[in-house]
Amino acid sequence: MSCFGGRMSEYRFLSIDRFDGENLESWAFFLSHAHRDHMVGLDSPGFLSRLKSSLKTRLYCSEITKALLLTEKQFKPLEPFIETLTVDTPTSLTVTDEVTGKEHSLLVTLLQAGHCPGSVMFLFEGTEGTVLYTGDFRLPVGSAAQFLHLHQGGRPKDIQSLYVDTTFLVPEAKYIPSREDCCTALINLVQSWISRGSHYVVRLNCKAKYGYEYLFIELCRRFHMKVHVNDPSIYQEVPEIFQCLTSDPSETQIHACRWLERYQKGRHHPLPCKYRPPPPHELEVMSVTPSTMWFTAYAGPGDVVRKISRHHHRVCFSFHSSYTEIRDFVGYVRPKTIHANVAPVGSTLQEAEDRLRDLTRSVQADSSLVSYKPLGSLRLQRAALKRKKQGDPSPVWTGSKRFEPVLYILEQQLVTGISASIHHDQSEVFRTVREQSMHCMQRRPR
DNA sequence: GCGATCAGCT
DNA sequence: CACAGCTGATCGC
């Protein structure tokens, strides 16, 4: 959960992901994604009147974030003040203090953050230096080298400050399996259950409102079966997701619907949507809870699925970067100063910042070996062509007609041969994981 | 009576 | 076990 107060020390007149208190004095506002903990004050009367009282003050976000935001009625009044920015497209902004008439020009670029649909990082460039605010992010090792706008003349830009998501900056979360590996494990688990018969259904026990869409898309593609959710219409403006969802519980064996009333989950209804198959069949439900397993603490690398009880499994899934991914990212960006946005579980913000500083120092020497490599466009085109031949829907990262691609960065998209130092680093991680998990299994036999 | 904060639950 | 968010209780004004 974000602890970021809203303002960066370099550009005090901007507020990001906080819209209360002193932030109301800012000249421009930025929203990285549509999770509640980044929207504090966004629906308050104070923020709305702040926008209304000014001619030029705007709320900037990605197109998808705007679309998701406006599906909730409490944010509808913000619509006239929202300005969307295109990902990977530097935009020149002139922000104004309407009290004094003072102006400030700067360049802002949205970089995809891979956290949830619409999530972005903000890169600001201006007289106070280049600063990067990551919001929440899940980026595979090697991602930083692939952001064009983190580079200039083939070299990484000098970053004055980095404000970074440190949710999993704890030694226990050194390694978290990739999105693809977690998804493959989920697909295999789902396959083993729903293939038993049409009355065998899977319930995906999803906590957050946004962030699991990648799983929905991949399940839909693999099983040619839409995922049942309470309200698909919130994704109306994001076709890649919308087309994978249904509001009809009888149409699918995969459910991600949620209970609306708190105390109404009785034994009588194994599914939140209360769907019952036609007689004589009785519903057979397997619950699957996507959750972040800490691989250095709880499991071996192959242990992406964990059986909780006969009909309940946990599948590893994370929409925040692991310790290793954070280390890789900050080691590549090499900011002059670094700030933690999140107090990791069991740590304070200060401890996270101390850890970050240690990391930037220790990784710096290696990262100079890495040079900018764009996303492997040829590989992507080939993959898209292959899929087209197979009659599958387009992959998410090709984007829709309406929006540029900002859903997820996947490990398999990254160009191969990033750098010797990173490969070395990875194998080191795997070795550590193996050792620690063996140690762990000795202590806690399953 | 209101918002802010917290405990508890999912 | 850990990713977000709701609800209801409690506190201070």
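Heavy-atom basis, side chains included; hydrogens, waters and symmetry copies ignored. Naming: A, B, ... by sequence-line order, numbering from 1 per chain.
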Look at all strands and tell whether A/Asn205 reaches a base, only sugar-phosphate, or nothing, counting heavy atoms closer than 4.0 Å. nothing
A/Phe30: partners by ring pair (Phe, Tyr, Trp, His ring centres under 6.0 Å), with sequence neighbours left out: A/Tyr60, A/Phe122, A/Phe124
Could you state the CZ-P distance from A/Arg203 to B/dT10, rounded to the nearest angstrom? 11 Å
Without decimals, in angstroms, what is the distance between A/Lys209 NZ and C/dA4 P? 15 Å
For A/His35, which residues count as a ring pair (Phe, Tyr, Trp, His ring centres under 6.0 Å) partner, sequence neighbours excluded? A/His33, A/His115
Output the rounded distance in Å from CD (A/Gln74) to P (C/dG5). 12 Å
Specify the separation, in whole Å, of atom CZ of A/Arg258 and atom C1' of C/dA4. 8 Å
Side-chain donor-acceptor pair present, A/Ser32, A/Asp17, cut-off under 3.5 Å: yes
With sequence neighbours excluded, what pairs up with A/Tyr163 under the ring pair (Phe, Tyr, Trp, His ring centres under 6.0 Å) test? A/Phe4, A/His339
Here the residues of residues 34-45 of chain A within 4.0 Å heavy-atom distance, strictly under, of DNA chain C are A/His35, A/Arg36, A/Asp37
At 4.0 Å (heavy atoms only), tell me whether A/Tyr210 reaches a base, stays on the sugar-phosphate, or touches nothing. nothing
Taking atom P of C/dC1 as reference, at what distance in whole Å does atom CD1 of A/Ile308 sit? 7 Å
Taken to the nearest whole Å, NE2/A/His115 to C1'/C/dA4 is 9 Å
Report the residues that fulfil side-chain hydrogen bond (donor to acceptor under 3.5 Å, both in side chains) with A/Glu284, sequence neighbours left out, ordered by chain and then residue number. none
Separation of A/His33 atom NE2 from C/dG5 atom P, in whole Å? 8 Å
Integer-rounded Å distance: C/dC1 P and A/His313 NE2: 16 Å
Mind checking ring pair (Phe, Tyr, Trp, His ring centres under 6.0 Å) for A/Tyr210 and listing every partner two or more places apart, or none if nothing turns up? none
